[in-house]
Amino acid sequence: MKKILYLMAVASCMVACQNDDTDFSAYTNGTDTIPTHVINISYNGNSVKVTGDNSGYVSVDGADVTVNATGKNDSLLLVLSGSTADGSLLVFRDKKYGIQLNGVSITNPDGPAINNQCGKALYLEVASSTKNTLVDGTAYDETKSYQQKGALFSEGQIFFSGAGELDVTGNCKNAIASDDYIVVEGWPVITAQSSTGHGIKVNDGIWINGGTLDIKVTADAARGIKCDSVVVITRGDITIKTTGDCVYDEAEGDYSSAACIKCDDAFTMTAGTLAMTSSGDGGKGLNCANIVNIKGGVFSAITTGSNEEGKPKAVKGDKGIILSGGSFYAKVKKSSACDNGVDTDVPSEWVTVVGTPFETSYDKKEIKVVF
């Protein structure tokens with residue numbers, strides 16, 4: 001437990017620019033008058049064993065667990081373990097709290113495996129040396145009054161930490177979804193896959209500061225990471241693969257293609273590794289509506305799809321592609337390797353190189369710049 005509380009403090013430092021929920025003193029100062037309230041939830045097939053619930057937060061229906069801690073100011077930590085093929089965790093709360101995945105496997109045939117209905121920060125530790133699995137069903141119970149957007153869904157921020165394994169499968173919507181932002185710290189090994197939606201869907205930005213992420217999506221026009229704001233990579237090993245084709249968007253009057261990463265604001269990478277492959281018609285590696293800024297790390301984007309309906313691009317940055325460090329590689333089978341929003345047919349003008357790289361090659365279908 002001390003480990004998760006320490007990582008909470010680290011997360012606060014990494015996202016100090018976020019001012020909505022980053023005071024973790026209740027977990028870390030050692031003199032806080034409010035002790036951490038630890039509730040252990042152990043799944044066992046169609047039943048659940050709950051210990052430590054001193055406040056009566058938990059109700060159980062078979063293996064479906066509801067935690068209602070609204071209006072409470074305690075420092076809450078839920079520790080999940082065991083296995084169920086027909087269960088779930090649903091949490092109602094209005095203050096930040098933690099979940100520790102301690103060797104748990106949850107499959108929910110009619111909804112998310114974990115549904116966090118708290119708009120504040122969720123600290124999700126993947127406990128070291130454990131394997132954890134979250135799977136949703138192929139159809140959700142849409143009579144529910146609350147939102148359900150993926151196998152792991154949170155109304156608020158998600159701070160991933162720890163060093164264990166977490167496999168998340170989305171069979172109806174997304175694998176992982178947050179209506180706020182996501183931060184990955186420590187070194188969890190996270191696999192996110194979906195056959196119907198995005199691997200990770202996040203509204204207010206994603207910061208990857210560590211961990212190993214393996215994302216696979218097979219749905220048409222789906223994205224490995226779909227972000228309505230910024231994507232920032234400062235560390236970590238990330239692999240993303242998409243195989244879906246284009247879908248015609250009636251509202252836009254155009255085709256919408258699959259992409260390994262689709263972000264509506266800036267993309268920045270300073271370290272780590274990012275390997276993206278997209279094989280569907282018109283598929284893209286990185287599709288950014290703002291500026292792409294590669295300052296370090298190893299970046300690779302390869303598309304092998306056709307251009308029958310859409311225009312494949314390895315890297316698309318509508319407001320520019322700036323390379324100043326690390327290794328950059330972009331390759332396509334069809335169309336052009338890069339698109340920086342400038343109307344030019346000269347491949348060397350599709351990227352802006354700052355500094356003196358020791359290796360460069362520019363071709364319509366393949367661009368490589370290594371510092």
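We use all heavy atoms of the structure for the numbers below, so side chains are in, but hydrogens, waters and symmetry mates are not. Predicted model only: the values in this text are computed from it and were never measured.
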Do Asn40 side-chain atoms and Val50 backbone N/O form a donor-acceptor pair below 3.5 Å?
no

Distance alone, cut at 3.5 Å: any donor-acceptor contact between the side chains of Asn68 and Thr70?
yes

Would you check if there is a donor-acceptor pair between the side chains of Asn209 and Thr234 at a distance under 3.5 Å?
yes

Please test Ser300 against Met276 for side chain to side chain contact (heavy atoms under 4.5 Å, CB included), starting from the C-alpha separation and ending with a verdict.
CA-CA 6 Å; Ser300 173; Met276 298 178 287; over 6 Å; no

Do Asp204 and Ser229 meet the criterion of a side-chain donor-acceptor pair at a distance under 3.5 Å?
no

Does a side chain donor of either Tyr97 or Asn116 reach within less than 3.5 Å of an acceptor in the other side chain?
yes

For Glu349 versus Asn340, what's the shortest heavy-atom pair and its separation?
O-ND2, 3.0 Å

Using atom types as modelled and distance alone, determine if a side-chain donor or acceptor of Asn174 lies under 3.5 Å from a backbone N or O of Ile176.
no

Report the C-alpha distance between Tyr140 and Gln148 in whole Å, list the side-chain angles of each, state the deciding distance to 0.1 Å, and finish with yes or no for side chain to side chain donor-acceptor pair (under 3.5 Å).
CA-CA 8 Å; Tyr140 288 3; Gln148 307 174 92; over 6 Å; no

Enter the distance from Leu134:CG to Ser88:OG here, rounded to the nearest 0.5 Å.
11.5 Å

Is any side-chain heavy atom of Ile106 closer than 4.5 Å to one of Val135?
no

Using modelled atom types only, decide if a donor and an acceptor are shared between the side chain of Ser154 and the backbone of Gly156 within a distance under 3.5 Å.
yes

Partners of Lys144 by salt bridge (Lys or Arg N to Asp or Glu O under 4.0 Å), sequence neighbours excluded?
Asp141

Pair Asn108, Asp136 - check side chain to side chain donor-acceptor pair (under 3.5 Å), show working.
CA-CA 5 Å; Asn108 183 6; Asp136 67 359; over 6 Å; no

Validation row: Phe159, Tyr181 side chains within 4.5 angstrom (heavy atoms):
yes

Can you tell me if Asp237 and Thr273 form a side-chain donor-acceptor pair at under 3.5 Å?
yes

Please step through side chain to side chain contact (heavy atoms under 4.5 Å, CB included) for the pair Ile294 and Phe267, ending with a clear verdict.
CA-CA 8 Å; Ile294 310 295; Phe267 174 93; 3.6 Å; yes

Is there a donor-acceptor contact under 3.5 Å from the side chain of Ser257 to the main chain of Gly282?
yes

Please check if Val354 and Val298 belong to a single hydrophobic cluster, counting links between Ile, Leu, Val, Met, Phe, Trp and Tyr side chain heavy atoms closer than 4.5 Å.
no

Take Asn102 and Thr130 through the test side chain to side chain donor-acceptor pair (under 3.5 Å) and record every step on the way to the result.
CA-CA 6 Å; Asn102 192 29; Thr130 67; 5.2 Å; no

If only side-chain N and O atoms count, and only distance matters, is there a donor-acceptor pair under 3.5 Å linking Gln117 with Tyr146?
no

Sidechain N-carboxylate O distance under 4.0 Å for Lys241, Asp214:
no

Backbone N/O of Gly71 and side chain of Asp94: donor-acceptor pair under 3.5 Å
yes

Distance-only polar pair, side chains of Arg223 and Ser194, donor-acceptor under 3.5 Å
no

Taking only residues at least two apart or on different chains, which pairs with a member in residues 326-365 satisfy ring-ring contact (aromatic ring centres under 6.0 Å, His included)?
Phe299-Phe328

Is the number of heavy atoms from other residues, nucleotides or ligands under 6.0 Å of Lys173 NZ greater than 12?
yes

Asp167 meets the salt bridge (Lys or Arg N to Asp or Glu O under 4.0 Å) criterion, sequence neighbours left out, with Lys131

Ile182 side chain near Phe160 side chain, heavy-atom distance below 4.5 Å
yes

Among residues two or more places apart or on two chains, list those pairs meeting salt bridge (Lys or Arg N to Asp or Glu O under 4.0 Å) that have a residue in residues 271-284.
none

Among all residues two or more places apart in sequence or in another chain, which pass the salt bridge (Lys or Arg N to Asp or Glu O under 4.0 Å) test with Asp110?
none

Partners passing ring pair (Phe, Tyr, Trp, His ring centres under 6.0 Å) against Tyr57 (at least two apart in sequence or in another chain):
His37

Checking Thr242 side chain against Gly244 main chain: does a donor-acceptor pair fall under 3.5 Å?
no

Are the side chains of Leu89 and Ile41 in touch, meaning some heavy atoms are under 4.5 Å apart?
yes

Do the side chains of Lys311 and Asp254 get close enough for a salt bridge, i.e. N-O under 4.0 angstrom?
no

Distance alone, cut at 3.5 Å: any donor-acceptor contact between the side chains of Glu125 and Ser161?
no

Do you see a donor-acceptor pair shorter than 3.5 Å between the side chains of Thr243 and Ser279?
no

Under the 3.5 angstrom rule, does the side chain of Thr107 hit a backbone N or O of Ala85 as a donor-acceptor pair?
no

Has Ser335 got a side-chain atom pairing as donor or acceptor with Pro312's backbone, closer than 3.5 angstrom?
yes

Can you tell if the side chain of Ile39 reaches within under 4.5 Å of the side chain of Val58, non-hydrogen atoms only?
yes

Judged by atom type as modelled, is there a donor-acceptor pair below 3.5 Å linking the side chain of Asp265 to the main-chain atoms of Ala289?
no

After noting the C-alpha distance and the side-chain angles of Ile261 and Val231, does the key distance pass the side chain to side chain contact (heavy atoms under 4.5 Å, CB included) rule?
CA-CA 9 Å; Ile261 296 178; Val231 173; 4.2 Å; yes

Does the distance from a Lys or Arg side-chain N to an Asp or Glu carboxylate O, for Lys201 and Asp228, drop under 4.0 Å?
yes

I'd like to know if the side chain of Asp53 reaches the main chain of Gly56, judged simply by a donor and an acceptor atom lying under 3.5 Å from each other, with no hydrogens or angles considered.
yes

Step by step, would you call Asn132 with Val126 a side chain to side chain contact (heavy atoms under 4.5 Å, CB included)?
CA-CA 8 Å; Asn132 304 273; Val126 187; 3.5 Å; yes

For a 4.5 angstrom cut-off between non-hydrogen side-chain atoms, does Thr270 reach Ile233?
no

